[in-house]
Asks: 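Submitted below is the structure of interest, expressed as structure tokens.
Every heavy atom of this structure was used, including side-chain atoms; hydrogens, water molecules and symmetry mates were not. Chain letters run A, B, ... following the sequence lines, proteins first, then strands; residues in each count from 1.
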Amino acid sequence: VAVTAEARLDARKLRADFPIFEREIHGKPLAYLDSAASSQKPRQVLEAMREFYETSYANIHRGVYDLGERATEAYEGAREKTRAFVNAESTREIVFTHNVTAALNLVAYAWGLDNLGPGDVALVTEMEHHSNFVPWQYIARRTGADLVAIPVDPEQGELVLDDLDTLLAGRTLKVLAVTYVSNSLGTVNLLERLIGWAHERGAIAVVDAAQAAPHRAVDVQALGCDFLGFTGHKMCGPTGIGVLWGRRELLERMSPFELGGHMIRKVTLEETTWNELPHKFEAGTAPIAEAVGLGAAIDYVEDVGLDVIERHERELLDYGLPRLAEVPGLRLFGPPADRRAGIVSFEVEGVHPHDVAQILDWEGVAVRAGHHCNQPLMGRLGVPATTRASFYVYTLPEEIDRLVEGLHKVRTTFA
Amino acid sequence: MSEMESLYREVILDHYKNPRGHGVIEGADVEAEGMNPLCGDEVSIFVSFDGERIDDVKFRGRGCAISQAATSMLMEMVKGKDAAEVATMSRDELLDEVGIPLTPIRLKCALLGLGVLKLALHKAKGTPLPDEWAGLAEDLELK
């Protein structure tokens, strides 16, 4: 297997951290190629959460007793780790949410409702996950703004950036909402250029980093965006915890989103004033242990090294894309390896993706089949659904071999 | 026979590759369609009647092998039967014919065609949609 590089990630060694790989699927070792949907969890994260529950658990921010203070310290410690993880200026800019969908809805509602109106454009792309598409479509409808989508070139699997101003047709660009990495195609978008263009027109830029943060170093200051969301469960962390980073001056000016406990400063019968950042956006009991788990996940991926993870996935692509291209009747979507993350979507001629995934499952190979919450993109590609394989720190080149062998079996079954 | 071989047994693949009753009836008495939003399976069914009897029935659609093969089998099962008889046909009758073990997700694929057909009969002849089908109709976006 021709995968070599200097600072290599030892996926075989890392796999020992993930208990899930101790079990077999249909009598075969698990080849988990669905990390873009959700990653598996290392012991370090599971143990951090268990230890927190067993030794330090209480509700946060209000308890004056020892446990309450410990729990608050753990939760706020996770916030500091998250701040450093995306190189934000201040922990006040780090809002914990339940997932990236909640983070993007927060921006669409709390910023969008007050800042969009007739004649304005909310600009998304045809490759947005529904979580960065549907909220903007809905809020645009509510406010009278227009939703416009940057097209995708179906052959290249990349955004068409040639004539962005034409898309605006004289209207005012207010917000650009764009994904860092496409969850279907793996395309890594040229964010700096897009964000620069949006800022020149006075718009804000919202980045969906759900498929980026687990796989490459994300630096909000270098990107120059205004909001960025990501989620814990795709990066070795638990479900139920997501992150919104927002530029402080924007967050300060915004109305709250969810209302209730903790997000208030003072409540009277007549009126309520809001808590300071980031608490203004964290109503109700927070996902406390999940934040602790996210902190442990950040430690884990940083120990491995984000640049090492990125290189590992690039090597898997360099190995896997040509191997997959050898399968007769297979149509690969998306850009070449140097412009994509570890995600490969494809179509097997004459076989529905669910049948592909079902046959692969019996080989112990877990892939996703469907529209991947990308229905506008599927329309552009001219397919109802695709089969998608995605990689992470524990992915081995042999698993790509097993995927390829399984695809030959699919072809034989349907021949 | 392994689990996989039984699911994709020859008769299923044969119906998938050479669907029976595939096509459109021009001037059909009734047409209904449905989709399984989970998988994106789509089926449209066209029926023409001779009195109460199903004189001809055809379908078109796209989707997984299970959904398309089960609908193809259904076309063979119901042609020439009375609408009222088909309207009360149990799902097990079709599933026995399909004859493969199905997980809950794939069960919906297999039953899509039957749901669409019962809806077509309901539209044309006012046959009742049994309770269990009323629930499925919501799942399958029948119209």
Side-chain angles (χ1 to χ4, degrees), chain A residues 24-28 31 34 37 130 134 184 329 331 333 345 347-388 402-403 405-415, chain B residues 1-19 22 33-44 59-73 95 98-113 115-116 139-141 143:
Chain A
E24 293 191 328
I25 303 292
H26 301 297
K28 299 187 171 111
D34 196 23
H130 293 165
V134 180
S184 276
R331 178 184 171 199
F333 300 103
S345 260
E347 178 186 48
V348 182
E349 192 185 1
V351 190
H352 190 276
H354 279 104
D355 295 319
V356 175
Q358 183 107 57
I359 292 173
L360 289 173
D361 178 51
W362 279 307
E363 302 301 314
V365 178
V367 297
R368 186 138 296 245
H371 53 63
H372 317 297
C373 297
N374 271 143
Q375 287 179 358
L377 178 64
M378 296 295 121
R380 174 61 76 179
L381 297 175
V383 294
T386 71
T387 309
R388 179 186 74 185
R402 289 177 57 200
L403 169 66
E405 284 158 25
L407 289 170
H408 283 294
K409 199 156 198 167
V410 169
R411 298 255 316 151
T412 317
T413 306
F414 278 81
Chain B
M1 204 161 39
S2 79
E3 215 180 335
M4 184 197 107
E5 283 159 348
S6 69
L7 182 48
Y8 292 100
R9 70 198 179 105
E10 208 160 312
V11 60
I12 297 287
L13 292 168
D14 180 49
H15 272 274
Y16 176 61
K17 287 183 233 170
N18 310 295
H22 192 261
E33 61 185 88
M35 75 171 288
N36 181 346
L38 195 71
C39 310
D41 295 334
E42 295 169 5
V43 166
S44 297
F59 84 103
R60 66 175 178 192
R62 58 176 190 177
C64 68
I66 309 299
S67 70
Q68 304 302 305
T71 308
S72 167
M73 290 173 165
L95 294 176
V98 173
I100 52 177
L102 292 166
T103 59
I105 286 179
R106 300 314 292 268
L107 192 63
K108 285 186 183 168
C109 305
L111 294 174
L112 174 62
V116 174
D139 271 359
L140 293 177
E141 294 184 9
K143 60 185 179 190

Asks: State, to 0.1 Å, how close B/Cys64 and A/His354 come at their nearest heavy-atom pair, and which atoms those are.
Replies: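 Closest approach of B/Cys64 to A/His354, heavy atoms only: CB-CB, 4.3 Å.
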
Asks: Enter the distance from A/His352:NE2 to B/Gln68:CD here, rounded to the nearest 0.5 Å.
Replies: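 Going from NE2 on A/His352 over to CD on B/Gln68, the span is 8.5 Å.
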
Asks: Where do A/Thr413 and B/Leu13 come nearest, in terms of heavy atoms and distance?
Replies: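 It is O-CD1, 3.1 Å.
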
Asks: Of all the heavy-atom pairs spanning A/Gly350 and B/Tyr16, show the shortest one and how long it is.
Replies: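 That closest heavy-atom pairing would be O-OH, 3.0 Å.
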
Asks: Please look at A/Val351 and chain B and tell me whether the side chain, the backbone, both or neither of the residue comes under 4.5 angstrom of a heavy atom of that chain.
Replies: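 For A/Val351, backbone heavy atoms alone lie under 4.5 Å from chain B.
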
Asks: Can you tell me which portion of A/Ala415 sits under 4.5 Å from chain B's heavy atoms? Options are side chain, backbone, both or neither.
Replies: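 Answer is backbone: N, CA, C or O of A/Ala415 sit under 4.5 Å from chain B.
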
Asks: How about CZ on B/Arg106, more than 12 heavy atoms from neighbouring residues, nucleotides or ligands closer than 6.0 Å, or not?
Replies: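 Check passes, neighbour count above 12.
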
